[in-house]
Amino acid sequence: ALTTVPGPNRLYRYARDARVVAMEWPGRPPAYGPDERREIQEVEDRMSQLLGKAPAPLPERKEPSHRILTDSAQWIWAQLSSDGIRIPDDELPKDEMGLTLRWRDRERWAAFDREHALRFIVDLPPNVTIVDRAGYRLLGVETDRDGMQSLVEWRIVPDRPDKR
C-alpha cells in the first residue's frame, strides 16, 4: 500500500512483511492563493453540507501529494502540490450543485525508482498534461494558445557525474 500524510513531503510504502519505507522530496507544500482558498473553501463547505458534516477550514498548506501511480518500469510517481491555476470558465462543466472546482495545480511529479530513491522532480508548463510515464520517459499533451493539442514525448536525461 502507498499513502501520504498531511505535513511532511513524504510517501510511505507499507509492505506485506510489515516494513515501512519512507520516500521523501525537498521543500514544503505550497499555501493556497487568496482567491484559490476562497473558491475551494466554498466547494468544501458545500460538500460538507451535502454530507451533513460541519464545515471545516482548509489547512494552511495543501496536501503534499494528490495522486500516487506506478509505471511499467515499477517506478513510483507522486503528483506534488503546486501553485494553483484558475481553470477558464469555458472549460468548466455545468454544475447546479455548486461542486465544481475552478482551480487545479500545475502538474509537478516526483519519480522514485524501485529502491525508493528520488530520481527527479518534473515541473511542467501550465499548458502541458502528462498522460503516461515510464522511467526516464514522459508522454504528454501540450495545448497551444489556439486550443490545438499535440502529443509530445520527453526523455529525462539524468545528471550522472559518476559516468564518463
Side-chain angles (χ1 to χ4, degrees), residues 1-37 39-41 43-44 58-88 91-92 100-164:
L2 289 167
T3 185
T4 184
V5 295
N9 288 337
R10 189 174 299 138
L11 285 175
Y12 295 101
R13 183 175 192 146
Y14 297 92
R16 289 184 180 157
D17 62 3
R19 284 181 304 122
V20 178
V21 178
M23 292 166 268
E24 298 180 325
W25 61 93
R28 296 173 58 191
Y32 294 95
D35 293 337
E36 181 184 18
R37 175 178 286 285
E39 291 185 13
I40 291 177
Q41 185 69 62
V43 172
E44 289 288 325
L58 291 172
E60 181 64 29
R61 297 194 167 271
K62 297 180 181 185
E63 298 288 329
S65 175
H66 298 303
R67 290 186 291 166
I68 304 167
L69 304 169
T70 55
D71 68 15
S72 58
Q74 298 179 356
W75 283 27
I76 296 168
W77 292 76
Q79 184 181 14
L80 308 183
S81 296
S82 63
D83 295 332
I85 300 170
R86 194 169 199 303
I87 303 169
E91 291 182 26
L92 293 171
T100 300
L101 283 176
R102 299 177 177 276
W103 293 82
R104 67 174 162 240
D105 283 358
R106 209 176 83 216
E107 287 212 44
R108 181 169 208 238
W109 292 88
F112 300 90
D113 64 21
R114 287 187 244 178
E115 286 76 41
H116 307 113
L118 176 63
R119 301 308 298 172
F120 48 82
I121 294 176
V122 178
D123 284 297
L124 296 162
N127 59 334
V128 172
T129 303
I130 292 296
V131 293
D132 202 6
R133 61 206 54 73
Y136 290 101
R137 294 193 181 277
L138 299 172
L139 186 65
V141 173
E142 187 172 16
T143 307
D144 68 15
R145 290 181 184 171
D146 299 325
M148 296 291 292
Q149 294 185 321
S150 304
L151 198 59
V152 183
E153 182 180 4
W154 293 277
R155 188 169 72 90
I156 308 293
V157 179
D159 181 24
R160 296 183 183 179
D162 58 325
K163 303 285 182 189
R164 294 177 199 214

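Keep in mind the model is a prediction, meaning the values are calculated, not measured.
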Under 3.5 Å donor-acceptor, [X] side chain and [Y] backbone:
X: E36; Y: W103; answer: no
X: S65; Y: Q79; answer: yes
X: R67; Y: W77; answer: no

Close side-chain approach of V128 and E107, heavy atoms under 4.5 Å: no

W154/I130 under side chain to side chain contact (heavy atoms under 4.5 Å, CB included): CA gap, chis, key distance, verdict: CA-CA 10 Å; W154 293 277; I130 292 296; 4.2 Å; yes

Determine the minimum heavy-atom distance between [X] and [Y], stating which atoms define it.
X: G135; Y: A73; value: N-CB, 4.0 Å
X: R106; Y: L124; value: NE-O, 2.8 Å
X: H66; Y: L80; value: CD2-O, 4.1 Å
X: K62; Y: P29; value: O-CB, 3.2 Å
X: L92; Y: T100; value: CD2-CG2, 3.7 Å
X: G84; Y: D105; value: CA-OD1, 3.9 Å

Pairwise distance [atom1]([X]) to [atom2]([Y]) - rounded to 0.5 angstrom:
X: R133; Y: L138; atom1: CZ; atom2: CG; answer: 7.5 Å
X: I68; Y: L11; atom1: CD1; atom2: CG; answer: 4.5 Å
X: E115; Y: M23; atom1: CD; atom2: CE; answer: 12.0 Å
X: Y32; Y: R61; atom1: OH; atom2: CZ; answer: 11.5 Å
X: I87; Y: R102; atom1: CD1; atom2: CZ; answer: 9.0 Å
X: T70; Y: R114; atom1: OG1; atom2: CZ; answer: 11.5 Å

N127/D144 under side chain to side chain contact (heavy atoms under 4.5 Å, CB included): CA gap, chis, key distance, verdict: CA-CA 7 Å; N127 59 334; D144 68 15; 5.9 Å; no

Intermediate values then yes/no, side chain to side chain contact (heavy atoms under 4.5 Å, CB included), L151 and V141: CA-CA 5 Å; L151 198 59; V141 173; 4.0 Å; yes

Lys/Arg N to Asp/Glu carboxylate O, R119 vs D113, below 4.0 Å: yes

Parallel, tilted or perpendicular: rings of W75 and Y136 (30°, 60°): perpendicular

Worked verdict on E24 versus L118 for side chain to side chain contact (heavy atoms under 4.5 Å, CB included): CA-CA 7 Å; E24 298 180 325; L118 176 63; over 6 Å; no

